[in-house]
Every structure is written in structure tokens, then in C-alpha cells.
Amino acid sequence: MIILFMPFSLMWIVAGVCSGVAILLSFYLIYKHLRNYTNPELQKYIVRILIMVPIYSVDSWLSLRFVHLSLYFDVVRDTYEAYVLYCFFSLIVAYIERDFDLVELLHSKEPLPHPFPLTCLPKIKLDRSFLTNCKRFVLQFVFIKPIVAIISLVLETQGKYGEGKFQVGTGYVWLTIVENISVGLSLYFLVLYYKAMEEELKPFKPLGKFLCIKSILFFSFWQSIAISFLVYFGVISPMGSWSVGNISSALQDFITCVEMVILAACHHFFFNYQEFRDPDKVPFIYDKTTKTFFNNPKTHITPIIKNFFTNVTNISDVISDTRETFILPLLSPDHHQTTIKKKDEETILLEPEDKDIII
């Protein structure tokens with residue numbers, strides 16, 4: 001079978017090699033962070049972000065191999081994609097909280113203008129409500145993305161999804177619109193927070209890290225749109241037992257496997273473990289001093305496993321933020337607003353003189 005002039009068997013092998021290389025690069029970096037776990041509050045988010053590459057690689061490769069089941073595999077990938085965006089936001093929040101009282105710092109700043117092209121809107125007052133709104137709009141994508149993926153799966157089983165078809169009667173069009181709005185809002189409030197804390201975040205060099213995250217969201221979404229246009233203009237057509245949807249999914253999965261190698265390499269540069277390195281650690285894999293391999297495995301491996309399962313995989317922060325930003329405001333909106341106002345009043349702040357602002 002040929003997909004865009006490449007034999008399917010060759011696509012599968014190339015994708016498998018790329019996925020394997022990407023996974024090895026990622027596991028090595030994850031191992032290094034867990035070995036030098038000197039700042040858990042930051043590194044737990046970094047490791048969660050790094051796990052994205054193995055998940056994407058395995059998922060995309062399996063989707064390519066079992067193309068008729070790709071929509072089922074993609075539910076896992078899509079869910080983690082949204083979770084990674086939340087983890088990056090939490091990472092840059094945690095970085096500021098390491099050295100500052102975040103709410104007090106927000107109060108000390110001038111109102112924030114909206115980025116282009118929304119500069120005509122009134123400036124945003126920086127306070128606790130601003131931080132809550134940023135959390136809320138970043139976090140909503142964590143729930144919307146998997147819901148969209150599950151609805152896609154249900155519609156596909158009913159023959160009403162119509163992947164790649166820009167027709168009003170298909171679920172693909174409407175779910176694409178919903179997903180685009182959701183990710184757009186999430187990225188916008190992430191950028192607002194970054195702009196508000198730009199000066200304090202400079203030592204952390206967040207732009208490269210952000211581009212690593214955004215590139216996945218950008219390419220995964222717009223690749224699917226580009227492939228859909230190829231279908232629309234007849235460049236991609238059904239072949240044998242493969243439908244247009246199967247071919248479109250296979251092509252996107254193949255491209256994703258190749259991209260994961262590039263992303264894994266970028267992670268080594270932008271999420272390097274060197275700044276967290278513990279100089280007192282004795283090398284485990286190879287000790288140059290004693291010229292020995294795998295020194296005292298139990299002593300070295302146990303903390304890595306413990307750090308991963310007790311800290312990295314702990315999602316209590318997601319539950320806490322969901323409770324704070326969604327559940328409490330819905331259950332008791334008046335009490336929630338009163339609590340926020342009371343906390344703000346307890347914070348020593350300098351009120352900005354500019355009154356032409358909105359919250």
C-alpha cells in the first residue's frame with residue numbers, strides 16, 4: 001500500500017525507529033532529573049512535560065500500526081496534550097512562587113495591556129482574581145480536550161464523525177471549532193500570565209520551553225487541518241480497504257513520530273537537568289573515579305522510583321486547582337468572591353492610580 005508515494009511498511013519502520021530514538025532521549029533526560037531531584041516543586045512539572053514525548057511516540061506508532069483503532073489511541077494522547085499545557089503553566093507559577101509572594105507581586109505591578117490585536121481593550125488589573133482566571137482558562141482545556149476526543153470516538157462508531165470533511169453535518173467541523181476556541185483561550189491566558197511576569201521569568205528562559213509546548217499543540221492541530229484540505233482537494237483518496245480517514249490519521253501519526261525526535265532533542269536543551277545537578281551524587285551508570293559501572297543499584301534506583309511515584313504522578317495539584325477555580329465558585333459564588341476579596345485586603349499592596357481598568 002502506498003500513502004503519498006511511500007510504502008506503508010517503510011512508513012511503519014521509519015516511524016518505529018524515530019519513536020525509539022525519541023523515547024530513549026526522553027527517558028535519559030527524565031532519569032537525569034529524577035537522579036538530581038533537588039527542586040521537586042519545579043522538577044515534577046518538568047518530568048511531566050518530558051513524559052509527553054514517550055506518550056506521543058508510542059501512541060502515534062501504535063495508531064500507525066493499527067490504523068483502524070487510531071481514534072481510540074488518540075484519546076490518551078489528546079488528554080495528555082492538554083495536561084502538559086497545564087503543567088507548563090504550573091511550572092512558571094511555581095518558579096515565581098519560589099522567590100516571591102505571587103499575589104503581593106501582582107498587586108505591585110501596573111495594569112496589564114492586552115496583547116496585539118486586542119490592545120484596544122481596557123487594561124487588566126493584576127491581583128488574585130487575575131491569577132485565578134489564568135488558572136481557570138488554562139485548566140478548562142484539560143477537561144475540554146478529552147471530552148472532545150471521547151465525543152469524536154462516539155460519533156465515529158456511529159458513522160457521524162467524518163474526519164477531514166468540512167461539512168456542516170459532520171461532527172468533525174463542530175468539534176474542531178470547539179477545540180480551537182478552547183486551546184486558543186488556554187494559550188491566551190498563559191501568554192497573559194507570561195507577560196505579567198516577564199521580567200521575573202527571564203532567568204528561567206521560559207520562551208524556549210513555551211515554544212516546545214506550543215509547537216506540539218500548533219503542529220498537531222494545523223497538520224490535521226492541512227491534511228483535511230489535501231483530502232478536500234482530492235490529493236488523498238481512498239485506497240483498498242483504507243478510507244480517507246484512515247489514510248489521514250496514518251499520515252499525521254507518521255509525521256508526529258518524526259517530530260518527536262526533534263522535540264526530544266530540544267527538551268535536552270530547554271529542560272536541561274544541569275541547573276538542578278547535585279554535585280554530591282556518585283555517578284550510577286559509570287563512575288570515572290572508580291572506573292566501575294552500575295554502582296550500588298538499590299541506593300540509586302530506589303529514590304528515582306520514589307520520586308516518580310510519590311511526586312511526579314501525584315495529581316493533587318490538579319484536583320486542588322479544579323476545586324479552587326471551578327467547583328467552589330459554582331457551589332458558593334458569593335462566598336468564594338468574599339474569600340478572595342478578604343485575602344486581597346490582607347495583602348499589603350500599592351493600588352495603581354489608573355482607574356480605567358477592568359478585572
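What you are looking at is a predicted structure, and each value in this text was computed from that prediction instead of being measured.
- Nearest heavy atom pair, residue A264 against residue A22, reads CB-O, 3.8 Å.
- No side-chain donor-acceptor contact under 3.5 Å links H268 and Y273.
- For the salt bridge (charged side-chain N to carboxylate O under 4.0 Å, His left out) condition, no pair includes a residue of residues 260-273, sequence neighbours left out.
- Residues F73 and V58 are not in side-chain contact: their nearest non-hydrogen atoms beyond the backbone lie 4.5 Å or more apart.
- Smallest separation of non-hydrogen atoms from P146 and T79: CB-OG1, 3.3 Å.
- At a cut-off of 3.5 Å, with distance as the only test, a side-chain donor of Q140 or S182 sits close to an acceptor on the other residue.
- Heavy-atom neighbours of R98 CZ from other residues, nucleotides or ligands within 6.0 Å: above the threshold of 12.
- For Y45 and F88, the ring centers are positioned 6.0 Å apart or more.
- At distances below 3.5 Å, at least one donor-acceptor pair connects side-chain atoms of W61 with backbone N or O atoms of W12.
- Side-chain N/O atoms of D59 and Y80 include no donor and acceptor closer than 3.5 Å.
- Across every non-hydrogen atom of S57 and S19, the tightest pair is O-OG, 3.4 Å.
- In this model, no donor atom of one side chain and acceptor atom of the other lie less than 3.5 Å apart for T38 and N36.
- For residues 200-211, the pairs satisfying side chain to side chain donor-acceptor pair (under 3.5 Å) are K109-E200, E199-K202, with sequence neighbours left out.
- The main-chain N or O of S320 is never found under 3.5 Å from a side-chain atom of E324 such that the two would form a donor-acceptor pair.
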Does the pair F210 and Y194 meet the rule for a ring-ring contact (aromatic ring centres under 6.0 Å, His included), with working shown? CA-CA 10 Å; F210 175 64; Y194 168 73; 7.1 Å; no

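- Side-chain contact check for S186 versus F137: every heavy-atom pair is 4.5 Å or farther apart.
- The side-chain heavy atoms of L34 and V312, taken from C-beta on, include a pair separated by under 4.5 Å.
- A donor-acceptor pair under 3.5 Å is formed between the side chain of S215 and the backbone N or O of L211.
- A donor-acceptor contact shorter than 3.5 Å links the side chain of T157 to the backbone of V154.
- Looking at Y72 and F66, their side chains never come closer than 4.5 Å, going by heavy atoms from C-beta outward.
- Taking all atoms of both residues into account, the shortest heavy-atom contact from I23 to P54 is CG1-CA, 4.0 Å.
- Using bins of under 30°, 30° to 60° and over 60° for the plane-to-plane angle, the ring pair Y193/F89 lands in the perpendicular bin.
- Rounding to the nearest 0.5 Å gives a distance of 11.0 Å between CD1 of I96 and CG of L131.
- Of the possible polar contacts, none joining the H33 side chain to the F276 backbone as a donor-acceptor pair under 3.5 Å is found.
- Hydrophobic cluster membership is shared by F309 and I304, with clusters built from Ile, Leu, Val, Met, Phe, Trp and Tyr side chains linked at under 4.5 angstrom.
- Between H267 and M52, the closest side-chain pair of non-hydrogen atoms falls below 4.5 Å.
- There is a path of hydrophobic side-chain contacts, each under 4.5 Å, that joins I30 to I315.
- Taking 4.5 Å as the limit, some side-chain heavy atom of S63 sits within range of a side-chain heavy atom of D74.
- Note: Y31 and Y28 have tilted aromatic rings, judged against thresholds of 30 and 60 degrees for the angle between ring planes.
- Looking at D78 and V148, their side chains never come closer than 4.5 Å, going by heavy atoms from C-beta outward.
- Take Y86 and apply the side chain to side chain donor-acceptor pair (under 3.5 Å) test, not counting sequence neighbours, and it matches D321.
- In this structure, S108 contributes its side chain and L105 its backbone to a donor-acceptor pair below 3.5 Å.
- For the pair P203/Y95, a side-chain contact is recorded, criterion being any heavy-atom separation below 4.5 Å from C-beta on.
- Remark: T322 OG1 to D317 CG distance equals 9.0 Å, nearest 0.5 Å.
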